[in-house]
Structure formats: structure tokens, C-alpha cells
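In what follows, a single structure is set out as C-alpha cells and then discussed.
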There are 4 protein chains.
Amino acid sequence: MARGVNKVILVGNLGNDPEMKYTQGGMAICTLSLATSSVRKDKEGNQQERTEWHRVKLFGKLGEIAGEYLKKGRQVYIEGEIRYDKFTGQDGVEKYFTDIIANEMQMLGGGGEGGGGRSERPARPAGGRPSGGGDYGNRGGGGGGSAPQRSDDPFPDDDIPF
Amino acid sequence: MARGVNKVILVGNLGNDPEMKYTQGGMAICTLSLATSSVRKDKEGNQQERTEWHRVKLFGKLGEIAGEYLKKGRQVYIEGEIRYDKFTGQDGVEKYFTDIIANEMQMLGGGGEGGGGRSERPARPAGGRPSGGGDYGNRGGGGGGSAPQRSDDPFPDDDIPF
Amino acid sequence: MARGVNKVILVGNLGNDPEMKYTQGGMAICTLSLATSSVRKDKEGNQQERTEWHRVKLFGKLGEIAGEYLKKGRQVYIEGEIRYDKFTGQDGVEKYFTDIIANEMQMLGGGGEGGGGRSERPARPAGGRPSGGGDYGNRGGGGGGSAPQRSDDPFPDDDIPF
Amino acid sequence: MARGVNKVILVGNLGNDPEMKYTQGGMAICTLSLATSSVRKDKEGNQQERTEWHRVKLFGKLGEIAGEYLKKGRQVYIEGEIRYDKFTGQDGVEKYFTDIIANEMQMLGGGGEGGGGRSERPARPAGGRPSGGGDYGNRGGGGGGSAPQRSDDPFPDDDIPF
DNA sequence: TTTT
DNA sequence: TTTT
């Protein structure tokens, strides 16, 4: 449920390979550094390029897929929401972070499913449980089997003609 | 899962009260007629208004909420996807329909929960099944509530669009 | 200006080469056939694929770029709005069309600028005037030269820090 | 022009009246504090509400309209892009800011044009220049010059924060 | 058929 | 700091 809309849509390229972490419960947390750039003219009429680097987080099953298939340089579509966080460091200084919490991801430019091949990174650490379960960032995360790559399903029940 | 992105975002006003139907399995199908209009200048520089009427469908729990709380004239935010359908009438003529299949809905302009009050329309026909937990939009679904249910012909009435 | 929001975001692949037409005033009208598909499980648990074919129109400068650089099979990002039209044929039968009127386009998957090379299609017919002018579908469409590939500019004036 | 997509869509309520500033050139800069909140269940199954406060900036004509018509508490639709900035304070400490740069705005919930009445704040400071035609959002702009341009290396690699 |  |  929501009071309001907080939606982000990004198409960009990865500046680095994905970074993987796992919660104690074994849930994947994948962090991407994603560049979107645009060109405009400044006051003197010169071309000016500006790049925004987005910190994108993908949780659970979606994070695992991202960690397996994405690599530095790849182009990706991300849909999610903005989350602002504040931490106070040991030095007592407050630090602010802005993350994009993804709820959908699409690899672009071909190579979709098997395309470039999986990375060598292990998909999950020993001891992790089969994901899916106790998600806390990923809305939905289909309990069951398949890997929908999206956590919104417009068809809640399945007796809909398809 | 998806190969591609098909996303629609609408903010508009209802031209009529929602229309409710139910599958044999008891799933709600709510249809909205939603207006979005824009003004531009034509070649002569005159203000020209144009209104698009979107046919929006909401299924399941989301459809029930829409049917209960929305009314003619209300402003609403819809997120969903475009679906094109073709039916051949008894006269052999093909008919084309474009629907927006909603996966998120937000009532706008206050009155959200108790606001204008529920409509008098019955929320569900006799025999319908109870409809699970309370959540706008249906990211995820799964987990808690109602079980999927089979119906032999999910769309008994639906060879009559509109 | 608008009373409401009517926004579409698509990522898909072209089913065909772009079709080009030109108004009497010389403005380009480019039509794309764009596929977005999704996979779900039906009631029996089988994978079911469904593809939507969107008819996308790009006007003016944006249409010329599309006509030059896009080709059958290419993946593209489109942002625009839905427009419903009704025509009555010579047989007296009403026909309905749904178009996506693009206001932004991004070629995906590399090959952006020079990528696969321009198509052989002429960019503009003899006698056409240098485009840009008499737009009727394209909001904005910079009168003069430049090729912004987007018609929204968040920086209306240029004394903005960049 | 853009290499990538950086798009934000927000529907929320203003936490305060808009703040207006003006550049030396007289261009308006309107800053909004916009709340979007969502409710989910935490691990214990309790309802947890979380609110994000977005800092939204609107420039030029759009900023003037926002400054005149918006007020604390009003609900608004914003479309724009994310911009990350870093400033170094006089104390030598780096500070990070995330702004949403709006390119479209829609007041929601009625009261659109004359609704609540204009605020008492002056619309523009003395010396400001007049600010062009009247249109919400600013599709269009453009006019001027240059051709698309390639940048040699769009991805200067990995001097990326985070 | 809505809304401002 | 908003809203329901």
C-alpha cells in the first residue's frame, strides 16, 4: 500500500561489475553503479556532458539474477523507487545516501538470457537458504518457483485469459 | 518475466462509475473509463483541447477496491500495461480493443480511505469468495491471502466488450 | 499544458523497418511496429508467451532520426503518450486505431550513433522543406536545427548551474 | 539528447510552502519538499510506514507556476530526473545532495487554476525578466542549434564513488 | 462520459 | 515538514 507514488525508471550502463552481499538470512543484496548521461549546451553554446551515477540495489531473487548476468559495461533497464538514508559515522558525522531500490530489471542489447554467459561469481554463499523467503526489500518476491524478474504482477489470480 | 517493457502511467478523471463483473471463480473485473486531456495550439494558434478515453481494467483485489471507492468524476492514478485484443463479432467483423491492465491504483485528491464514502454498489455478488488481505496495488501478491482458483470459462460474459 | 497524465514507456524490438511518410509541409512521420512480450504461467503451469505489437509514431526531427537509424530487429526505448483514433472507412465501417505518439526515443544495445549504419532509405523526399517547421503532432520540435532526440527539456533557460 | 534514461515520477504532498529563489538573470528556482510514503509489513508482521522526502526543483516558468499555486499540504504530480550534487563546505566537509529536477508538474485534487488562490508571495523579484509563454511543463524549448555529437569515451571508467 |  |  502506498500514499503517493515514488517511481524511477533508468536506462544506463554499469560502471563496474555488480557487488554482492548477503544478509544473515541468506538474502542477496546486489548493488549496481549505473550511469545515465545527457548532453546539453551551456550558456556559451558549448556541448556539455553530465553523467549521473545511480546506486541501484536489488534484493532477493532479482539481486541474484543481476549478480549472475550483469557485468561492467552492460546496458540495463531498471525500475524502482528512491530511498534516502542517513547514517552517523563513528566520527559523529552524518552521511547521506540515496539509493534506487529496484523492483524490475531488464538486460538490454541482446544476450538476454544466456547471452554473455554467467559471471564466475558464486550465485549464493554456502548456508544461504533458497532465497525467495524472508524478503525485506523486495516487494513480492514470488515465494514459489520461477524467476519473474519483476515483482509486480497485474494478474493476481490466474483465471484470467491470457 | 518479460522481454521488453510495456508500461503506462495515467492520471485522469472517471467519466462514469466503475463497472463491475465477476468471473465464475469469483474474481472481480473492474472497468474504468478514464479521461486524460491536453491542450495545445493548432496551426492557427487557437487553443485546442483533446481528450483521450482510456479503458482501464483492474482485476482481483485491486478491482474490488476500485469498485468500492471510485466514483464518476474522481481523479485517479493508474499504472499498468497496454493490451491489444481482437474479437470477431457474430457478423464476422473483427473488432479491436485496447485496454490498460492496471497493476497499481491510487486515489487522488483526498478522500482516500473514508473520503467520499463507499458506493452503494454491492462489493461482490452472492457466492463470491472472500478476497484476502488488504493492499493497494499488487506487487507480489502471493504470500498471505486467497488461493488461486480455477474456473472453466473465466470470461463468461466477455465476448461483449464494453 | 495538460489536465491529466498520459504516459507510455516501452522497450521492445522492431518487427519491421520503419515506415516513412511526409506531410505536404515536409514533416516526417515515422511509424514503428514495436513488440513487447511477457511470459507467464497459465492455469496448468505452462509457460505462455504473449506479445503486444505497438504502433508507434514519431514526428518531425525525431521521426527522421528514427527513420535513419532504426531497422527491423533493433531494440529501442520509447516514451510517449497513447492516442485513440476512429476513422470511418469508405464502406461506412468505423475503424479504431491506437497509436503511441513518441516524444522521446533511445536506441538500445550499442550502435547508438553510427552503430549499424544508416539505412538506405532517403532521409527526406525531394521538395520537402527542412522539417522542423509546421509540426502538428510533435510537441515542441525545435524549429531550427538540432537533434535533441527528446522534446522535454528540464532546463528551459540556460543560466542554470550544470 | 541523452545517452540513457533518467526519469522520476512522483505523487506526493508538500511538507511546506514552496521556496523561491531567482538567478541573477531573473530565472525562478522553486524548491519543493515532497513526501511520498508507503506502508509495508516488517518481519514481525507489523505495519510500518516509511516516508521519503524528495527535494524537487523547478526552473523558469514551471517554477513560477509552482511558486504561485502550490502550498503546504497540496498534492502534486511531478515528472523529472534525478541529479546528484556534491559541495564542499567552508569546513572542508563534502556534502551530498540529491535533487529531482522537474520537467512537468500537475496539481492534483482539484483547485487547479483558481482553487485555493494564489499565494501572497511575489511572483518575481524586481529586475527579473519576463518569462515567456504560458505552458505547464516544457516540452519543446529547443529552437537553436547544434548537431548530435559523439563523445570519445562515454565511460571514463572507474573513478566512481561507491 | 470526466475534470479545470 | 505532508497526507489519510
Side-chain angles (χ1 to χ4, degrees), chain A residues 1-6 84 86, chain B residues 10-19 31-40 47-56 65-66 68-78 100 105-118 134-137 162, chain C residues 1-6 84 86, chain D residues 10-19 31-39 47-56 65-66 68-78 100 105-118 134-137:
Chain A
M1 177 179 159
R3 177 80 197 148
V5 173
N6 172 0
Y84 307 99
K86 182 171 79 175
Chain B
L10 302 174
V11 173
N13 296 278
L14 298 206
N16 277 309
D17 284 344
E19 289 174 32
T31 303
L32 308 177
S33 186
L34 190 66
T36 60
S37 44
S38 55
V39 180
R40 22 200 114 173
Q47 296 272 351
Q48 282 279 75
E49 175 156 347
R50 183 186 163 103
T51 297
E52 306 301 331
W53 286 99
H54 308 271
R55 194 166 75 148
V56 178
I65 295 170
E68 284 199 63
Y69 293 106
L70 295 180
K71 292 190 73 119
K72 176 176 175 172
R74 270 213 74 156
Q75 194 178 32
V76 70
Y77 169 93
I78 291 288
I100 309 304
M105 187 266 295
Q106 293 271 325
M107 285 167 274
L108 301 175
E113 207 77 17
R118 301 165 169 243
D135 206 2
Y136 283 16
F162 291 125
Chain C
M1 177 180 158
R3 177 79 196 149
V5 172
N6 174 358
Y84 308 99
K86 181 172 79 176
Chain D
L10 303 174
V11 174
N13 295 277
L14 297 205
N16 277 308
D17 284 345
E19 290 173 31
T31 303
L32 308 177
S33 186
L34 190 66
T36 60
S37 43
S38 55
V39 180
Q47 295 272 351
Q48 283 278 75
E49 174 157 348
R50 182 185 164 104
T51 297
E52 307 301 330
W53 286 99
H54 307 269
R55 195 165 74 147
V56 179
I65 295 169
E68 283 199 62
Y69 293 105
L70 294 180
K71 292 191 74 120
K72 176 175 175 172
R74 270 212 73 156
Q75 194 178 31
V76 71
Y77 169 94
I78 292 287
I100 308 304
M105 186 266 294
Q106 293 271 326
M107 286 168 275
L108 300 175
E113 207 77 15
R118 300 162 169 246
D135 207 2
Y136 284 17

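Letters A, B, ... are given to chains in the order of the sequence lines, protein chains preceding strands, and every chain is numbered from 1. Remember, it's a predicted structure, so these values are computed and weren't measured experimentally.
Summarising the geometry, the separation between OH on B/Y77 and P on F/dT3 is reported as 21 Å, rounded to the nearest angstrom. Put simply, CD on D/E19 is 14 Å from P on F/dT1, counting in whole angstrom units. Whole-Å rounding puts the C/Y84 OH to E/dT2 C1' distance at 15 Å. Rounded to a whole Å, the CD atom of B/E52 is 16 Å from the P atom of E/dT2. In this structure, B/D17 atom CG and E/dT1 atom C1' are separated by 11 Å, rounded to whole Å. Following rounding to the nearest Å, D/R74 (CZ) and F/dT3 (P) show an atom-to-atom distance of 13 Å. To the nearest angstrom, P of F/dT3 lies 7 Å from CG of D/N13. Whole-Å rounding puts the B/M107 CE to E/dT2 P distance at 21 Å.
Counting non-hydrogen atoms under 4.0 angstrom, D/T36 reaches nothing in the nucleic acid.
For the pair D/R74 (side chain) and D/L108 (backbone), a donor-acceptor distance under 3.5 Å is present.
Under the side-chain contact (heavy atoms from CB on, under 4.5 Å) criterion, B/S33 pairs with B/W53, sequence neighbours left out. The side-chain contact (heavy atoms from CB on, under 4.5 Å) check on C/N6 picks up B/L10, B/T36, B/E52, B/H54, C/E81, C/I82, with sequence neighbours excluded.
D/K71 is not listed as a side-chain neighbour of D/L14, based on a closest heavy-atom distance of 4.5 Å or more. With a 4.5 Å cut-off on side-chain heavy atoms, D/V11 and B/Q106 do not count as touching.
Between F/dT1, F/dT3, E/dT2, one nucleotide has an atom nearer to the side chain of B/A35 than all others, and that is E/dT2. Side-chain atoms of B/N16 lie closest to E/dT1 of the nucleotides F/dT2, E/dT3, E/dT1. Looking at the side chain of A/R3, the nearest of the listed nucleotides F/dT1, F/dT3, E/dT4 is F/dT3.
No hydrogens or angles were tested; on distance alone, nothing pairs the side chain of B/S37 with the base of E/dT2 as donor and acceptor under 3.5 Å.
Put simply, B/W53 does not rest on the base of E/dT2: the two rings are not both less than 5.5 Å apart at their centres and under 30° in tilt.
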